[in-house]
Colleague: 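Structure provided below as structure tokens; questions to follow.
What you are looking at is a predicted structure, and each value in this text was computed from that prediction instead of being measured. Residue numbers start from 1 in every chain, and the chains themselves are labelled A, B, ... in the order their sequence lines are given, proteins ahead of strands.
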Protein chains: 2
Amino acid sequence: MGITKSEHFTDHQNELANVLKALGHPARVAIVEYLIQHKQCICGDIVNELPLSQATISQHLRELKQVGIIQGNIEGNSICYCLNPLVFEQITKFMGIVIESVMKNKCC
Amino acid sequence: MGITKSEHFTDHQNELANVLKALGHPARVAIVEYLIQHKQCICGDIVNELPLSQATISQHLRELKQVGIIQGNIEGNSICYCLNPLVFEQITKFMGIVIESVMKNKCC
DNA sequence: AAATATAATCGTAATATTGCAATATAGATT
DNA sequence: AATCTATATTGCAATATTACGATTATATTT
């Protein structure tokens, strides 16, 4: 099929999964890491950094933006992208709950 | 194409992306949440919990296991699965670095 | 040993993702 | 206004993912 049965899951589960899926590609991890170092970028910066075409980079940026991982502000000719902290706080919170739970009870 | 050009990225980027991709599906988020609450499960528990077939659940469990998110121990007839804290610590560390970076510098 | 219980695997269909060339769009510059 | 620069979009091919029925494998129970 290839189609996820989203309707059977909670909004929270779908939203978290969407964000994590967006981060689940090495090029998009690389883009986030570029933004960690340089704080901001335009599409062309990433095109110069990664061995992927401009069209492909643009697509990856769109996916990251769609789930709120980055935000883009138009600056004249180009678009300035940067990280959105809120999303990462959400993810960290989830991961924290997992870790806390695991620590309390060892595996069978 | 549908094929990720993994060879162009670092091991760290590929590994992190693989773990996040594995968590990037609502059913697999739901499995992790089940494990947070119940500490452990067998395949049949999840089959009873989620509206997906046994074959599909088994596949999702295998994906989670492949990237080290869960571990499975054979217990007679069935297999007991539980969470592996190490992976989540890795993810949290990455997320923490992102947040720290973002806090230092607002967007353009 | 036959029957049952549990879970993995195989085969397959439907759909999604990845990547790129080509093209389109929009602001900046001459 | 013509050109340049930066990026988005479209269309397409190759591959991956999701899901399930059917089957298989293994351990347990009768």
Colleague: Can you tell me the distance, in whole Å, between the CD1 atom of Ile79(B) and the P atom of dA5(C)?
Modeller: 18 Å

Colleague: Would you kindly compare Arg62(B) and Ser78(B) by the position of their nearest DNA chain C nucleotide and give the one closer to the 5′ end?
Modeller: Ser78(B)

Colleague: Would you list the atom pairs, donor with acceptor, under 3.5 Å between side chains in residues 21-32 of chain A and any protein atom, with sequence neighbours excluded?
Modeller:
| from | atom 1 | to | atom 2 | distance (Å) |
| --- | --- | --- | --- | --- |
| His25(A) | ND1 | Ala27(A) | N | 3.0 |
| His25(A) | NE2 | Thr4(B) | OG1 | 3.3 |
| Arg28(A) | NE | Ala22(A) | O | 2.5 |
| Arg28(A) | NH1 | His60(A) | ND1 | 2.9 |
| Arg28(A) | NH1 | Glu63(A) | OE2 | 3.2 |

Colleague: Using every non-hydrogen atom in the two residues, find where Phe9(B) and Asn14(B) come nearest and quote the distance to one decimal.
Modeller: O-ND2, 3.4 Å

Colleague: Counting only non-hydrogen atoms, which of residues 42-50 of chain B are less than 4.0 Å from DNA chain C?
Modeller: Ile42(B), Cys43(B), Gly44(B)

Colleague: Round to the nearest Å and state the distance from Asn73(B) atom CG to dT26(D) atom C1'.
Modeller: 17 Å

Colleague: Check the distance between dT17(D)'s P and Asn18(A)'s CG and give it to me in whole angstrom.
Modeller: 16 Å

Colleague: Could you tell me which residues satisfy side-chain contact (heavy atoms from CB on, under 4.5 Å) with Leu86(B), sequence neighbours excluded, listed by chain and number?
Modeller: Asn84(B), Glu89(B)

Colleague: Could you tell me how far apart His8(A) (NE2) and dT18(D) (P) are, to the nearest whole angstrom?
Modeller: 15 Å

Colleague: Give the B/S/- string for nucleotides 19-30 of chain C, one per nucleotide from 5' to 3', where a protein heavy atom under 4.0 Å of the base yields B, of only the sugar-phosphate yields S, and otherwise -.
Modeller: BBBB----BS--

Colleague: Given atom CD1 of Ile31(B) and atom P of dA19(D), what is their separation to the nearest angstrom?
Modeller: 10 Å

Colleague: Nearest 0.5 Å, what's the NZ-OG distance between Lys39(A) and Ser101(B)?
Modeller: 3.0 Å

Colleague: Any side-chain N or O of Tyr81(A) below 4.0 angstrom from OP1/OP2 of dA8(D)?
Modeller: yes

Colleague: May I have the distance from Gln40(A) (atom CD) to dA6(D) (atom P), rounded to whole angstrom?
Modeller: 15 Å

Colleague: Could I get the full list of side-chain contact (heavy atoms from CB on, under 4.5 Å) partners for Ile79(A), not counting sequence neighbours?
Modeller: Ile74(A), Tyr81(A)

Colleague: Quick one: list whatever passes side chain to side chain donor-acceptor pair (under 3.5 Å) with His12(B), sequence neighbours left out.
Modeller: Glu33(A)

Colleague: Round to the nearest Å and state the distance from Ile70(A) atom CD1 to dT7(D) atom P.
Modeller: 12 Å

Colleague: Please identify each residue that fulfils side-chain contact (heavy atoms from CB on, under 4.5 Å) with His38(A), with sequence neighbours left out.
Modeller: Tyr34(A)

Colleague: Could I get the full list of side chain to side chain donor-acceptor pair (under 3.5 Å) partners for Thr92(B), not counting sequence neighbours?
Modeller: none

Colleague: Give a yes/no on whether any side-chain N or O of Lys21(A) is located under 4.0 angstrom from OP1 or OP2 of dT17(C).
Modeller: yes

Colleague: Send over the distance from Gln66(A) CD to dA16(C) P, rounded to a whole Å.
Modeller: 14 Å

Colleague: Quick one: side chains of residues 42-50 of chain A, donor-acceptor pairs under 3.5 Å with protein atoms, not counting sequence neighbours, listed by atom name and distance.
Modeller:
| from | atom 1 | to | atom 2 | distance (Å) |
| --- | --- | --- | --- | --- |
| Asp45(A) | OD2 | Ile42(A) | N | 3.0 |
| Asn48(A) | ND2 | Gly44(A) | O | 3.3 |

